[in-house]
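Structure first, then comments.
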There are 2 protein chains.
Amino acid sequence: MTQTPVTPPAILSDVEKNATPPNAQQLFERLELAIHEHQLPPGMKLGEDDIADIYGVSRTTVRSALQTLSHQRLVELKRNRGAFVAQPSVQEARDVFEARALLEPRTAYSAAERATPEDIVRLQGHIDAEHEALHAGNHGRAIYLSGQFHIAIAKIADQHTIEAFITQLISRSSLIVALYWERRAAMCESHAHDALISAFADQDGPRAEELMKSHLLDLVTSLDLRNKTSAPVSLKDALAK
Amino acid sequence: MTQTPVTPPAILSDVEKNATPPNAQQLFERLELAIHEHQLPPGMKLGEDDIADIYGVSRTTVRSALQTLSHQRLVELKRNRGAFVAQPSVQEARDVFEARALLEPRTAYSAAERATPEDIVRLQGHIDAEHEALHAGNHGRAIYLSGQFHIAIAKIADQHTIEAFITQLISRSSLIVALYWERRAAMCESHAHDALISAFADQDGPRAEELMKSHLLDLVTSLDLRNKTSAPVSLKDALAK
DNA sequence: GTGCGCGATATTGTATACAATAATGCGTGC
DNA sequence: GCACGCATTATTGTATACAATATCGCGCAC
């Protein structure tokens with residue numbers, strides 16, 4: 001049983017003292033962020049009543065948000081059994097990174113050729129924020145921001161459909177990182193991102209494509225994709241805000 | 001006014017005399033099929049009460065199915081205004097086929113190298129069914145089956161994530177075809193599909209990749225993507241919001 | 001003591017009720 | 001006669017109630 005045994009109280013965002021409760025879309029976004037930043041670990045049970053109580057909404061709203069999350073593959077819905085934060089298998093992890101290898105280098109190429117100075121500034125902003133989070137010791141957020149960098153590149157390419165796919169793949173990569181990341185200390189990615197920015201500044205498509213390709217390869221090799229099952233996630237109140 | 005004016009009664013599947021009403025998942029599948037086969041045209045309003053009455057379920061179930069359809073981009077949900085069969089813009093159509101051009105040729109390559117004799121038989125079955133539907137004059141179904149052929153190829157490649165993406169792209173292509181298809185009489189695709197099968201039978205990856213690439217190009221050129229229809233939509237939408 | 005069966009409890013799936021927002025139509029004023 | 005405004009109606013968004021299914025625990029037989 002690789003699944004979190006019992007539902008922890010999960011004080012997600014402290015007490016929701018905001019006057020107006022979130023609607024379905026907003027609830028989805030909050031839960032999505034919580035998963036991305038690894039506040040909700042893979043395998044964790046997401047009870048409808050629990051979430052409803054925490055956010056002060058009805059189960060109707062919760063179910064809508066959970067359904068959206070499941071379409072993003074961040075949550076697995078088991079009929080009559082409830083919702084769980086997704087636990088990508090090793091096979092699925094490989095699959096996701098194969099898809100990224102297929103989509104992202106070519107997208108980086110297109111983006112680099114189209115990149116404007118404002119785009120470069122925006123990308124640099126992402127990197128800075130990532131460094132900041134790392135400095136603050138907030139690994140979960142750093143990983144999230146690292147993903148946002150890739151999404152920002154996809155946005156520059158201005159191909160919305162591919163961008164949506166990449167966005168989903170980054171999402172799922174966050175879970176994969178939570179499960180299989182081995183090189184926690186290093187976080188050497190930033191250098192790869194720096195190199196990418198340089199290629200973007202030169203509008204050098206081929207170089208951007210090549211850099212992205214090797215960056216993704218580097219990411220995959222930094223995962224331990226041998227172990228078959230993940231250890232039971234032992235979390236009590238790992239989510240203290 | 002490119003939007004279907006008023007909700008037609010839409011006797012989708014005649015009277016639902018089945019004893020047990022469909023659950024949310026089944027309702028989604030029925031609506032999905034109806035859209036794929038062009039029974040529900042792009043832009044058509046999908047009133048919750050209407051669908052609920054037709055299928056003998058509650059609005060809760062309908063809303064769940066509509067949400068799933070919107071995640072597949074077959075339906076557009078406008079907050080507080082309802083659900084409509086999606087009307088992909090010319091830009092979106094181009095976008096979808098660019099994504100297909102990025103994903104499908106490489107997938108065809110992988111699939112061809114892995115294809116077993118049973119796979120070939122299954123693919124041939126798709127083509128036969130497609131011919132049959134065409135002979136019966138059921139164009140909507142023929143287009144649907146033609147898409148299933150592409151999905152079958154993705155399945156053979158055994159890369160689930162990419163397969164899911166391709167499946168969604170095919171789905172949306174069905175709407176694009178409904179809106180922009182010009183060469184209705186010809187339906188020359190079958191020959192392209194025949195050629196693909198031949199490459200699969202030889203396990204000739206490079207040839208399959210090349211055939212898929214040109215097949216997709218051929219598909220795009222058979223669409224009329226000169227932006228003509230978008231004007232009335234934008235007028236209406238601008239007024240609406 | 002252990003394993004199975006059955007009832008009690010908890011949780012999810014669906015239906016209904018209510019609230020909020022948008023669409024409609026009619027009346028009035030110009 | 002036309003356009004604007006307001007009230008009415010219709011439709012969607014959310015909450016609650018009920019039904020179906022799964023989970024858990026206790027008792028009993030072996």
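Quick note on labels: first sequence line is chain A, next is B, and so on, each numbered from 1.
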Could you check how far [atom1] of [X] sits from [atom2] of [N], rounded to whole Å?
| X | N | atom1 | atom2 | value |
| --- | --- | --- | --- | --- |
| B:Glu76 | D:dT12 | CD | P | 14 Å |
| B:Asn23 | C:dT12 | CG | P | 17 Å |
| B:Leu27 | C:dA15 | CG | P | 10 Å |
| A:Gln25 | D:dT14 | CD | P | 10 Å |
| B:Phe28 | C:dG13 | CZ | P | 17 Å |
| A:Arg59 | C:dG13 | CZ | C1' | 8 Å |
| A:Phe84 | C:dT11 | CZ | P | 12 Å |
| B:Glu48 | C:dA15 | CD | P | 14 Å |

Atom of A:Pro42, atom of A:Leu175 and distance for their closest heavy-atom approach: CG-CD2, 4.0 Å
Check against side chain to side chain contact (heavy atoms under 4.5 Å, CB included), A:Glu32 and A:Ser171: CA-CA 9 Å; A:Glu32 181 188 36; A:Ser171 259; 4.2 Å; yes
Sugar-phosphate only, base, or nothing, as touched by B:Ala83 at under 4.0 Å among non-hydrogen atoms: nothing
Pairing residues for B:Thr68 by the side-chain contact (heavy atoms from CB on, under 4.5 Å) criterion, not counting sequence neighbours: A:Gln67, A:His71, B:Phe28
N/O donor-acceptor pairs under 3.5 Å from side chains in residues 151-159 of chain A, not counting sequence neighbours:
residue, atom, partner, partner atom, Å
A:Lys155, NZ, A:Glu163, OE2, 2.9
A:Asp158, OD1, A:His160, NE2, 3.3
A:Gln159, NE2, B:Glu98, OE1, 2.9

Within residues 60-71 of chain A: residues closer than 4.0 Å to DNA chain D (heavy atoms): A:Thr60, A:Thr61
Aromatic ring pairing A:Phe149/A:His126, orientation class (parallel under 30°, perpendicular over 60°, tilted between): perpendicular
Nucleotide of C:dA15, C:dC18, D:dT11 approaching B:Lys45 most closely (side-chain heavy atoms): D:dT11
Out of D:dT16, D:dT12, C:dT12, whichever nucleotide has its closest atom nearest the side chain of B:Asp49: D:dT12
Set of residues satisfying side chain to side chain donor-acceptor pair (under 3.5 Å) with respect to B:Asp119, sequence neighbours excluded: B:Thr116, B:Arg122
Side chain proximity check, B:Thr61 to B:Tyr55, heavy atoms < 4.5 angstrom: no
Of A:Leu169, A:Thr107, A:Asp95, A:Ile166, the residue whose pairing with A:Arg100 passes side-chain contact (heavy atoms from CB on, under 4.5 Å): A:Leu169
First of B:Gly82 and A:Val57 reached from the 5' end of DNA chain D, by closest nucleotide: B:Gly82
Axial bend angle, the helix from C:dG1-D:dC30 to C:dC30-D:dG1: five-pair end segments, nearest 10°: 0°
Is there a donor-acceptor pair closer than 3.5 Å between any side-chain N or O of [X] and the backbone N or O of [Y]?
| X | Y | result |
| --- | --- | --- |
| A:Tyr180 | A:Val90 | yes |
| B:Ser174 | B:Ile170 | no |
| A:His38 | A:Tyr144 | no |

Polar atom pairs between nucleotides 19-23 of chain D and protein, under 3.5 Å, N or O only, would you list them?
residue, atom, partner, partner atom, Å
D:dT23, OP1, A:Arg81, NE, 2.7
D:dT23, OP1, A:Arg81, NH2, 3.3

Side chain to side chain donor-acceptor pair (under 3.5 Å) assessment of A:Gln168 paired with A:Arg172: CA-CA 6 Å; A:Gln168 185 194 115; A:Arg172 297 166 69 182; 3.3 Å; yes
